[in-house]
Colleague: 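Before anything else, here's the structure in question.
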Amino acid sequence: MAQDLPPKDAQLAADYQADVAVEHIAGVYAEALLGAAGKADQVKDLLDEFDSLIADVLTPFPDLERLLISGLVSDDEKQRILDRVLAAQASPLLLNFLKVVARHGRLDCLRAIHRQFHQLYDRAQGRIRVRLTTPVPVNDALAAQITADLREFLGTEPVVQRVVDPNVIGGAVIQVGDTVYDGSIATQLHRVRQQIIDRSAHEIQSRRDSFRNPAGS
């Protein structure tokens with residue numbers, strides 16, 4: 001249980017549980033939105049519109065996003081804010097959906113809903129999102145080769161997002177959904193180090209056992 005863990009580990013466990021809960025809630029909303037868009041034959045258009053909402057409205061204007069997720073602002077006021085900000089640009093389908101989310105007090109899940117909506121759409125199109133993390137940028141030729149290898153390995157069309165993280169010491173970390181394939185040198189070194197520690201501990205224990213129980217005693 002979290003209260004039995006050290007404070008740092010307990011916080012990590014709590015954060016993980018919170019993330020899982022948010023993703024679950026977001027998945028429910030994303031499925032509802034996909035169903036509504038499918039009936040209206042607007043899935044691709046709605047996806048593009050949702051992308052624009054995140055990239056062109058929420059990300060450049062973080063104060064607006066903080067306002068929409070604030071517990072100090074009533075759900076009714078958040079719906080009025082959505083009307084004022086988006087009524088002129090957003091489709092009725094997306095605006096009504098956002099107001100439903102606001103009424104239920106779940107605008108804090110909006111980015112997760114967007115992410116889940118993408119995953120549902122990709123799955124329906126026979127695609128899967130892959131996050132490729134490397135210490136330096138990957139050129140297009142290598143990215144194309146990695147994509148081809150992933151296509152063969154996964155049996156579906158990968159949509160590869162390239163991420164640069166200097167903390168990855170060589171190699172690459174590939175995340176497919178919730179599964180992480182870590183081929184970085186740092187991870188390999190850690191595994192080798194752990195194997196050496198385990199083997200040394202085993203040898204020490206064996207020697208102690210031999211000392212305590214000498215042959216023929």
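When reading the values below, keep in mind they use all heavy atoms of this one structure, side chains included, and skip hydrogens, waters and symmetry mates.
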Colleague: Between Q42 and S91, does any side-chain donor sit less than 3.5 Å from a side-chain acceptor?
Modeller: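 Per modelled atom types, Q42 and S91 side chains form no pair under 3.5 Å.
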Colleague: Tell me whether R106 is salt-bridged to D108, with the criterion being a basic N under 4.0 Å from an acidic carboxylate O.
Modeller: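 Yes.
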Colleague: Would you say F153 ends up clustered with V159 if hydrophobic residues are merged whenever their side chains have heavy atoms under 4.5 Å apart, either directly or through other cluster members?
Modeller: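 In one cluster with V159: F153, no.
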Colleague: Applying the salt bridge (charged side-chain N to carboxylate O under 4.0 Å, His left out) criterion to E157, which one of R151, R129, R127 satisfies it?
Modeller: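 Going through R151, R129, R127 one by one, the salt bridge (charged side-chain N to carboxylate O under 4.0 Å, His left out) with E157 is satisfied by R151 alone.
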Colleague: Give me each pair satisfying side-chain hydrogen bond (donor to acceptor under 3.5 Å, both in side chains) with a member in residues 131-145, each pair once, sequence neighbours excluded.
Modeller: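 Matches after skipping sequence neighbours: D140-R162, Q145-D149.
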Colleague: Run the ring-ring contact (aromatic ring centres under 6.0 Å, His included) check on F97 and F117 step by step: do they pass?
Modeller: CA-CA 13 Å; F97 172 76; F117 189 70; 8.1 Å; no
Colleague: I'd like to know if K44 and D48 make a salt bridge, using a cut-off of under 4.0 Å between side-chain N and carboxylate O.
Modeller: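 Yes, charged N to carboxylate O under 4.0 Å.
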Colleague: Set out, in order, the CA-CA distance, both residues' side-chain angles and the distance that settles side-chain contact (heavy atoms from CB on, under 4.5 Å) for L46 and L34, then state yes or no.
Modeller: CA-CA 9 Å; L46 188 63; L34 184 65; over 6 Å; no
Colleague: Would I174 end up clustered with V138 when hydrophobic side chains under 4.5 Å apart are linked, directly or stepwise?
Modeller: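 They do share one cluster, since a chain of ILVMFWY contacts under 4.5 Å joins I174 to V138.
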Colleague: If you define the side chain from C-beta out and look only at heavy atoms, does anything of I146 sit under 4.5 Å from L132?
Modeller: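 Contact flag for I146/L132 side chains = yes.
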Colleague: How far does NZ of K99 sit from CG of D76, to the nearest 0.5 angstrom?
Modeller: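 One gets 10.5 Å once the value is rounded to the nearest 0.5 Å.
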Colleague: What's the separation between atom CG in L107 and atom CD1 in I113, rounded to the nearest 0.5 Å?
Modeller: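 Result: 7.5 Å between the selected atoms.
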Colleague: Treat each ILVMFWY residue as a node, draw an edge where side-chain heavy atoms are under 4.5 Å apart, and state whether V85 and V100 are in one component.
Modeller: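 No; tracing contacts between hydrophobic side chains, which count when under 4.5 Å, never links both residues.
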Colleague: Hey, could you give me the CG/CD1 distance between L64 and I69, rounded to the nearest 0.5 Å?
Modeller: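 It comes to 10.5 Å.
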Colleague: Between H104 and D75, is there a side-chain donor-acceptor contact under 3.5 Å, judged purely by atom types and distance?
Modeller: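 Checked: D75/H104 side chains show no N/O donor-acceptor pair below 3.5 Å.
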Colleague: Would a distance-only check, ignoring hydrogens and angles, find a side-chain to backbone donor-acceptor pair under 3.5 Å from K78 to G105?
Modeller: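 Checked: no pair found.
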Colleague: Do T59 and R111 pass the side-chain hydrogen bond (donor to acceptor under 3.5 Å, both in side chains) test, and can you show the C-alpha distance, the side-chain angles, and the key distance before you say yes or no?
Modeller: CA-CA 10 Å; T59 299; R111 287 182 181 267; 3.1 Å; yes
Colleague: To the nearest 0.5 Å, tell me how far Q89 CD sits from L95 CG.
Modeller: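 So the gap between those two atoms works out to 10.0 Å.
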Colleague: Flag yes if V22 and L98 sit in one hydrophobic cluster, no otherwise; membership is Ile, Leu, Val, Met, Phe, Trp, Tyr, and two members link when side-chain heavy atoms are under 4.5 Å apart.
Modeller: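 The answer is no; the residues belong to distinct hydrophobic clusters.
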Colleague: Taking the six-membered ring for Trp, are the ring centroids of F50 and Y121 within less than 6.0 Å of each other?
Modeller: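 When the ring centroids of F50 and Y121 are compared, they turn out to be at least 6.0 Å apart.
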Colleague: Can you confirm whether L53 sits close enough to L86 that some side-chain heavy atom of one is under 4.5 Å from a side-chain heavy atom of the other?
Modeller: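 Yes - at least one pair of side-chain heavy atoms lies under 4.5 Å apart.
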Colleague: Measure the shortest side-chain to side-chain distance between V173 and V163 over non-hydrogen atoms and say whether it is less than 4.5 angstrom.
Modeller: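 The answer is no, as the side chains (C-beta and beyond) never meet within the 4.5 Å cut-off.
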Colleague: To the nearest 0.5 angstrom, please state how far the OG atom of S70 sits from the CD atom of E77.
Modeller: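 Going from the OG atom of S70 to the CD atom of E77 covers 11.0 Å.
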Colleague: Is V101 reachable from L93 through a run of I, L, V, M, F, W or Y residues, each pair having side-chain heavy atoms under 4.5 Å apart?
Modeller: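 Yes, it is one cluster - the side chains of L93 and V101 are joined through contacts under 4.5 Å.
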Colleague: How far does CG of D56 sit from CD of E49, to the nearest 0.5 angstrom?
Modeller: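 CD of E49 is found 11.5 Å from CG of D56.
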Colleague: Does the side chain of L110 come within less than 4.5 Å of E65's, by heavy atoms?
Modeller: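 No; the side chains remain at least 4.5 Å from each other.
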